[in-house]
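Heads up: the structure comes next, in structure tokens.
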Amino acid sequence: MVDLALKMLLDDKARFLATVLGVGFSVALVLVQVGLFFGLLENASITIEKLDADLWVMARNTPNVDFGNPFPETYVQRVRSIPGVELADNLIVWYAVVSLPTGAKESVIYYGLDDFRRWGFPWNVAEGDPADLRRGRFVMLDESAERRFGPFLAGDEREFQGRRLKVIGRTRDARSFTTNPMAFLDYQLAQQLSPDELGGQTTFILVKLRPGASAEAVRREIRSRLPHNDVHTKAEWAGISRRYWIESTGLGLTIFLTVFLGALVGVVIVAQTLYASTAEHLPEFGTIKALGGRDRDVCGLIGEQAMFAAAIGFAVGLALALGLNPLLLQLDMKMSITPTMGAMVFVGTESLCLSAALLSFRKVAAIDPAIVFRG
């Protein structure tokens with residue numbers, strides 16, 4: 001039966017090729033859009049996930065990690081005195097204007113810490129040592145900054161908020177959702193860049209728990225000592241930051257519409273192809289029924305055709321999406337296609353193609369076996 005189904009499907013090779021390409025482009029569209037969506041969401045919370053902190057303390061109603069609100073830096077002393085807290089440090093996440101050698105100005109989001117090594121941050125250092133940031137007016141920049149800052153090397157200088165800082169290293173994969181380049185510098189220097197807003201202030205407190213300490217118990221105690229601050233676990237804070245961008249930018253709705261249109265195009269193409277193929281092979285289906293075949297036998301043939309077209313189309317679409325990845329990386333766009341996501345898209349492709357075969361199912365179910373004996 002499988003051989004017969006494929007023979008019917010491949011009877012018109014041009015139409016079969018058009019079907020596979022149609023499904024393939026639909027799958028590629030879905031994979032690329034969803035992959036870019038998840039890539040952006042990873043950027044929205046990547047620093048939260050990479051910092052070795054169990055709890056985050058922040059000003060009340062802080063929307064996400066990129067938009068911190070200042071509060072007194074002395075609050076960290078209250079947190080450090082709580083039983084179960086192994087380590088607590090202030091973290092500044094803020095924006096600065098950078099004057100480039102060309103005369104242009106660009107914004108950068110910077111992270112300021114007293115001891116980067118203690119928090120395993122930054123996580124992918126390509127050049128330089130974060131420990132050296134404490135020794136002067138130094139900064140480390142992520143490689144992605146070259147798209148907006150132009151080429152830079154260790155030893156170059158850039159002007160941040162009117163202060164000349166020396167670049168002592170570079171990192172990889174540190175990208176923000178807002179596409180602003182990411183920089184790392186000493187905590188005291190971070191305050192000096194914006195003294196009016198950050199003098200004696202911080203934007204976050206990172207908390208590392210002692211082994212065996214209850215995160216919920218420590219969080220309750222922090223809230224009691226800092227009633228005007230919010231406290232979140234790493235997972236909660238990452239989810240809040242991602243959700244903010246989904247809701248505030250309409251990104252979720254945009255992705256849903258793109259996926260819907262891609263799926264609709266694929267369904268229409270497969271439905272049209274299978275229906276045309278079924279109409280051309282009505283005598284063959286009639287012969288099967290005349291020989292005692294049941295409706296489910298002939299519908300099974302069409303179902304096999306749909307699943308075969310879906311499998312080949314998915315393979316084409318996956319190849320197209322993965323082939324675009326190097327180009328997207330050059331454009332500083334991160335696409336994340338995980339095995340789980342690929343499996344879900346494959347199952348969805350098979351299901352939609354089977355759904356597209358419903359019109360053909362109805363047509364062959366209504367075939368009169370006597371059609372075989374008609375002239």
- Spell out, as yes or no, whether a donor-acceptor pair under 3.5 Å connects the side chain of Thr338 to the backbone of Met341. yes

- Query: Does any donor atom in the side chain of Asn124 or Thr171 lie under 3.5 Å from an acceptor atom in the other side chain?
  - Reply: no

- Under the salt bridge (charged side-chain N to carboxylate O under 4.0 Å, His left out) criterion, do Glu146 and Arg170 qualify, and how do the steps go? CA-CA 11 Å; Glu146 289 194 340; Arg170 53 205 294 142; 2.8 Å; yes

- Would you find more than 12 non-hydrogen atoms of other residues, nucleotides or ligands less than 6.0 Å from Arg164 atom CZ? yes

- Item | Lys208 (side chain) donor-acceptor with Trp119 (main chain) under 3.5 angstrom | no

- Item | Side-chain cluster (under 4.5 Å, hydrophobic types only) that Ile82 belongs to, other residues | Leu55, Val57, Phe71, Tyr75, Val76, Val79, Val85, Ile205, Val207, Leu209, Val218, Ile222, Leu226, Val231

- Which is it for Phe184 and Phe121 under the ring-ring contact (aromatic ring centres under 6.0 Å, His included) test, yes or no, and what are the steps along the way? CA-CA 9 Å; Phe184 308 91; Phe121 196 76; 5.4 Å; yes

- Query: Looking at residues at least two apart in the chain, or sitting in another chain, which of them share a side chain to side chain donor-acceptor pair (under 3.5 Å) with Asp115?
  - Reply: none

- Message: Please give the remaining members of the hydrophobic cluster of Phe149, linking ILVMFWY side chains under 4.5 Å, ordered by chain and number.
- Response: Ile92, Trp94, Val98, Leu100, Val108, Tyr110, Val139, Leu141, Phe152, Phe160, Leu165, Val167, Leu185, Tyr187, Leu189, Leu193, Leu198

- Indicate whether the side chain of Glu73 and that of Gln191 have a donor and an acceptor atom separated by less than 3.5 Å. yes

- Query: Should the pair Trp56 and Trp237 be assigned to parallel (<30°), tilted (30 to 60°) or perpendicular (>60°) ring geometry?
  - Reply: tilted

- Does a donor on one side chain and an acceptor on the other come within less than 3.5 Å for Arg225 and Ser81? yes

